[in-house]
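Just so you know, ligand 1 is whichever comes first in the structure, and atom 1 is the first atom listed for that ligand.
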Amino acid sequence: MTVQALPKAELHMHIDGAIEAAVGYDVVKKACPDRLDELFRTNDNGEIEYNYDDFIGFLNCIDTVAPLTLQTPDDYETLTYSYLKNAAQEGLVYCEMIVCPGMWHKSDTYDFADMMAAFTRGIGRAEKDFGVYARCKATLERGSSTEAVEKNWWATKQIVDNSDHPYLVGLDLANYEQLGDIPGHKIFFDYIEQHQKKPLLVSMHAGENAGPQNIQDAMDAGAKRGGHITCVMEDPALLQKVIDAKFHGEICLSSNAFSKAVPKLEDHRLTDIYNAGVRISLNTDDPTFFFTTIGKEYQIAQDVFGLTDMQLVDITLMAIEDSFAEDACKVKCVERVYDLIENAYNYTRQDVVAKRGSGKAADQPKLK
Ligand SMILES: [Zn+2]
């Protein structure tokens, strides 16, 4: 069990997907008790968990529970702080949170500036108390209905208005890939690029529940990273392009298993993707909805897929290097990685540099 002391980083965590099921249950019980059985179930351990069996069912759960639970800036601050606190205890050094400006597009009271202020408070408190760093990327959501387009335009303008916020470092495009291709949504990203007050780098959900073409589309649209890229091994020519471009894959193992993006967990091509030379990170996606934590994702990568401690350290460093955070933040994160390893293991930072990514048994650090 040496994995739990390893430093970790994630680039793909929807803060709306980090609501504890028990918290969501209490909110739904008050707001719409007739939907409790549809949205929640009790697991074999007697714990309340979200009730769904596929990606559409998952979207039904999160799209109902999140707006009911996250109604004020204080709700977002509390959630941000508690998530980072728990994850820091599992070794999380850096988190790039996916935040959704459109959540409040019908609110008369709050807008994205209020949301960013709440994240900033939660992130600041967590950094001070637990030494964990976090930044935000604002997501638009796929959809072609009149309401979806109107919501995306509202969010797009809110993003532009807040684009100089120091903790807003990137953009994303989320939601079920069948709800719309990337070219159909490029107009929003072009508008932001033309009007933003500082450059925001782009990641897009791609290759999760649709084929490799979506990964190609994300690259063509200027994205530096892709959310999931689960199917990248299906297209050898595309795989080579991904490697050559250093296009980063935000891998989400538990998410893919629970949403059936892969038939079962063991079918994920994580090991092949890593060994091929794709730059990747390990991520929780929507942690409480997928019954996971960042510690569990790293443990699964070792127990199920055989990645060594030094390969996991390599993945943590790739995540920090490919994050959208400003350089000063990245430097602090890398320093913290070295500190955590030197404190817990028999390795110096020079050992980490020399053995980074090694799969050999002789090259693995030992806990002190
Ligand atoms: Zn996601």
Side-chain angles (χ1 to χ4, degrees), residues 9-19 50 52 54-67 70 79-80 83 87 92 94-103 119 134-143 148 152 155 169-182 185 189 201-210 214-215 217-218 221 223-232 247-262 265 268 270 273 280-294 296-297 300 319 322-324:
E10 66 176 335
L11 304 178
H12 189 125
M13 190 283 291
H14 301 260
I15 192 65
D16 305 341
I19 301 164
Y50 293 106
Y52 68 88
D54 56 21
F55 195 83
I56 296 296
F58 152 70
L59 287 180
N60 179 47
C61 275
I62 192 168
D63 289 347
T64 307
V65 173
L70 300 168
L79 179 60
T80 300
Y83 179 77
L92 190 71
Y94 177 77
C95 179
E96 211 153 283
M97 301 174 8
I98 302 173
V99 306
C100 186
M103 182 74 89
F119 293 132
R135 295 291 182 266
C136 302
K137 54 176 170 166
T139 193
L140 300 172
E141 295 189 290
R142 285 176 168 87
N152 270 337
V169 295
L171 305 173
D172 205 325
L173 178 64
N175 219 337
Y176 197 50
E177 283 166 85
Q178 275 80 354
L179 288 173
D181 61 13
I182 287 170
H185 293 79
F189 292 87
L201 297 174
V202 178
S203 178
M204 291 179 173
H205 283 60
E208 176 188 13
N209 34 50
N214 259 5
I215 301 173
D217 287 347
K224 304 292 182 200
R225 307 196 317 240
H228 298 272
I229 68 159
T230 313
C231 64
V232 69
F247 183 79
H248 180 111
E250 303 162 359
I251 303 288
C252 307
L253 296 171
S254 293
S255 161
N256 284 177
F258 282 110
S259 74
K260 303 285 195 291
V262 290
L265 181 64
H268 198 289
L270 169 66
I273 294 170
I280 59 166
S281 49
L282 296 171
N283 303 277
T284 56
D285 200 7
D286 296 279
T288 53
F289 287 81
F290 295 128
F291 321 109
T292 194
T293 65
I294 192 63
K296 279 189 191 167
E297 293 304 299
I300 290 168
D322 294 346
S323 82
F324 296 158

Undergrad: Looking only at the aromatic ring of each residue, does the gap between the centers of Phe258 and Phe291 stay below 6.0 angstrom?
TA: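 Centroid separation for Phe291 and Phe258: below 6.0 Å.
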Undergrad: Do the two ring centres, one from Phe289 and one from Tyr52, sit under 6.0 Å apart?
TA: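 No, they do not, as the ring centres are separated by 6.0 Å or more.
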Undergrad: Verify the distance criterion only: is there a donor paired with an acceptor across the side chains of His205 and Asn175 at less than 3.5 Å?
TA: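 Short answer, no.
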Undergrad: Using the rule given for salt bridge (charged side-chain N to carboxylate O under 4.0 Å, His left out), can you reason through Asp54 versus Lys260, listing the C-alpha separation, both sets of side-chain angles and the distance that settles it, and then say yes or no?
TA: CA-CA 6 Å; Asp54 56 21; Lys260 303 285 195 291; over 6 Å; no
Undergrad: So, with waters excluded, how many protein N/O/S atoms does the Zn ion (ligand 1) have closer than 2.8 Å?
TA: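 With waters ignored, the protein N/O/S count below 2.8 Å is 4.
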Undergrad: Can you list everything that forms a side chain to side chain donor-acceptor pair (under 3.5 Å) with Ser203? Sequence neighbours excluded, please.
TA: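 Result, side chain to side chain donor-acceptor pair (under 3.5 Å) vs Ser203: Glu250.
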Undergrad: Is it true that a side-chain atom of His248 and a backbone atom of Ser281 form a donor plus acceptor pair closer than 3.5 Å?
TA: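 Present.
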